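The block underneath contains the structure these notes are about, expressed in structure tokens.
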Amino acid sequence: MASNYSSTLLGHLYVPGFLLAALLCLWHAPASAAPSQAPAPSTVYGKAPQLQPGAITVTPYGTMNADSTLDDYDNEPIQSISDPIEPWNRFWFHFNDIFFLYVAKPAYTAWEAVTPHQLRSGLKNFFSNLLFPVRFVNNILQFRFFEAGVEFGRFVINTTSSAGFADVAKGHKTIVPVDPTGEDFGQTLGRWGLGHGFYIVWPIIGPSSARDTVGRAGDLFADPLFYLQPTELSLGIGGGLRFNALGDVLPLYEDLNTVAVDPYIAMREAYVNFRKAQVLH
């Protein structure tokens with residue numbers, strides 16, 4: 001028990017240290033990595049073709065969406081991002097590709113076969129409701145007080161009516177429109193003027209940037225599962241809920257691999273454009 005407690009405590013102490021170091025590195029980054037430049041070419045495939053902007057959108061939490069709001073940037077230069085560790089990124093991109101197509105997809109297909117749609121939908125709503133503190137805190141940090149109020153109202157309605165397993169508040173009219181994907185600390189840092197930093201692909205998690213990696217670590221402090229003990233239980237519940245949400249990810253991921261000549265470049269550019277749209281939202 002003492003050993004587990006010490007490990008957990010050390011783990012919690014490492015996160016603030018990592019955040020501080022990363023923020024110091026990012027503080028001098030420009031607000032936009034290269035807003036008027038051509039997309040960063042691949043250092044591995046220098047003349048690799050680019051995906052048309054706005055074709056696929058990707059979130060750092062593993063949810064990809066076809067987002068019509070990206071059409072607003074069709075006439076703007078494609079925003080690029082520094083990619084100094086492309087060989088590393090490509091290795092993990094291909095690792096993730098094999099993992100999603102040959103491990104996660106068969107497992108999720110089996111999950112779909114043994115569970116009713118109502119259960120999967122309920123678990124997805126419960127997970128979204130559980131992450132309310134992340135959205136609420138980041139709305140406050142971005143001075144979006146009306147949006148924070150909307151998130152709070154939705155949380156109260158969904159929790160008291162169905163313990164979060166049904167999105168009862170979904171059809172209610174709100175005083176301000178709220179991004180359905182929610183606010184996170186990476187967006188907050190972008191709002192505060194921090195640029196993307198450099199592009200990085202994480203195992204299993206997928207595409208990210210230096211700024212969004214710091215943001216993801218920061219969001220841990222507002223995630224209720226972060227404080228659940230023992231750690232194994234927290235990781236198990238969080239992993240299970242994220243696995244249940246794969247139904248939104250896999251079809252779009254397969255589409256991206258089908259239409260893109262170089263899926264790595266396509267994913268990178270789609271990710272940057274999607275995060276830009278979220279920060280400007």
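Positions are given from 1, in the same order as the sequence printed here. Bear in mind that the values here come from a model prediction, so they are computed numbers and not experimental data.
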What pair of heavy atoms forms the shortest contact from I200 to N89, and how long is it? CA-OD1, 3.4 Å

Between L123 and F165, is the side chain to side chain contact (heavy atoms under 4.5 Å, CB included) condition met? List the steps. CA-CA 6 Å; L123 289 174; F165 285 94; 4.2 Å; yes

I'd like to check the side chain to side chain contact (heavy atoms under 4.5 Å, CB included) partners of S128; sequence neighbours left out, ordered by chain and number. R135

Side-chain touch Q187/N138, heavy atoms, less than 4.5 angstrom: no

Determine whether L141 and F185 make a side-chain contact, defined as any pair of heavy atoms from C-beta on separated by less than 4.5 Å. yes

Full working for side chain to side chain contact (heavy atoms under 4.5 Å, CB included) between N158 and N125: CA-CA 9 Å; N158 290 334; N125 290 331; over 6 Å; no

Could you list the residues that satisfy side chain to side chain contact (heavy atoms under 4.5 Å, CB included) with L235, not counting sequence neighbours? T231

Establish whether F91 and I85 are linked, either directly or via other cluster members, by ILVMFWY side-chain heavy-atom contacts under 4.5 Å. yes

Quick one: do D248 and K124 make a salt bridge, cutoff under 4.0 Å? yes

Enter the distance from Y264:OH to R268:CZ here, rounded to the nearest 0.5 Å. 5.5 Å

Let me confirm one number: the CD1-CZ distance from I81 to R211, rounded to the nearest 0.5 Å. 8.0 Å

Can you tell me how far the NE2 atom of H196 sits from the CG atom of L194, to the nearest 0.5 Å? 11.5 Å

Show the nearest heavy-atom pair for residues L228 and I237, with the distance to one decimal. CD2-CD1, 3.7 Å

Quick check for you: to the nearest 0.5 Å, what is the distance between N273 atom CG and E269 atom CD? 7.0 Å

Have a look at L246 and tell me which of W111, Y108, Y253 forms a side-chain contact (heavy atoms from CB on, under 4.5 Å) with it. Y108

Does any part of the side chain of S209, heavy atoms only, come nearer than 4.5 Å to the side chain of T213, both counted from C-beta? no

Should W202 and V272 be regarded as members of a common hydrophobic cluster, given that ILVMFWY residues are connected when their side-chain heavy atoms come within less than 4.5 Å of each other, either directly or indirectly? yes

For A222 against V137, the heavy-atom pair lying closest together: CB-CG2, 4.5 Å

Close side-chain approach of Y199 to V201, heavy-atom, < 4.5 Å: yes

Going through the distances and angles, do E112 and R120 end up as a side chain to side chain contact (heavy atoms under 4.5 Å, CB included)? CA-CA 8 Å; E112 281 185 310; R120 296 195 304 274; 4.0 Å; yes

Answer with yes or no after comparing the ring centroid distance for F136 and F155 against a 6.0 Å cut-off, counting only values under it. no

Output the distance between atom CG (D83) and atom CD (E86), rounded to the nearest 0.5 Å. 4.5 Å

Please confirm whether the backbone N or O of P230 pairs with a side-chain atom of S234, one donor and one acceptor, at under 3.5 Å? no

Criterion side chain to side chain contact (heavy atoms under 4.5 Å, CB included) on N139 and F146, from CA distance to verdict: CA-CA 9 Å; N139 272 308; F146 287 113; over 6 Å; no

So, does D212 use its side chain to make a donor-acceptor pair with the main chain of S208 at under 3.5 Å? no

Between L225 and G238, what is the shortest heavy-atom contact and its length? CD1-CA, 3.7 Å

NZ/NE/NH1/NH2 to OD/OE distance under 4.0 Å, R90 and D97: no

Taking the hydrophobic residues Ile, Leu, Val, Met, Phe, Trp and Tyr, and joining any pair whose side-chain heavy atoms are under 4.5 Å apart, which ones share a cluster with V279? none

Are the aromatic rings of W92 and F95 close, with centres under 6.0 Å apart? yes

Show the nearest heavy-atom pair for residues G215 and L189, with the distance to one decimal. N-CD1, 4.2 Å

D219 side chain to V134 main-chain N or O, any donor-acceptor pair under 3.5 Å? no

Mutual orientation of the aromatic rings belonging to F132 and F152 [parallel < 30°, tilted 30-60°, perpendicular > 60°]: tilted

Rounding to 0.5 Å, atoms NZ (K105) and CG (L250) come to a distance of 7.5 Å

Are I205 and F198 connected into the same hydrophobic cluster when the rule is that any two of I, L, V, M, F, W, Y join if their side-chain heavy atoms are below 4.5 Å apart? yes

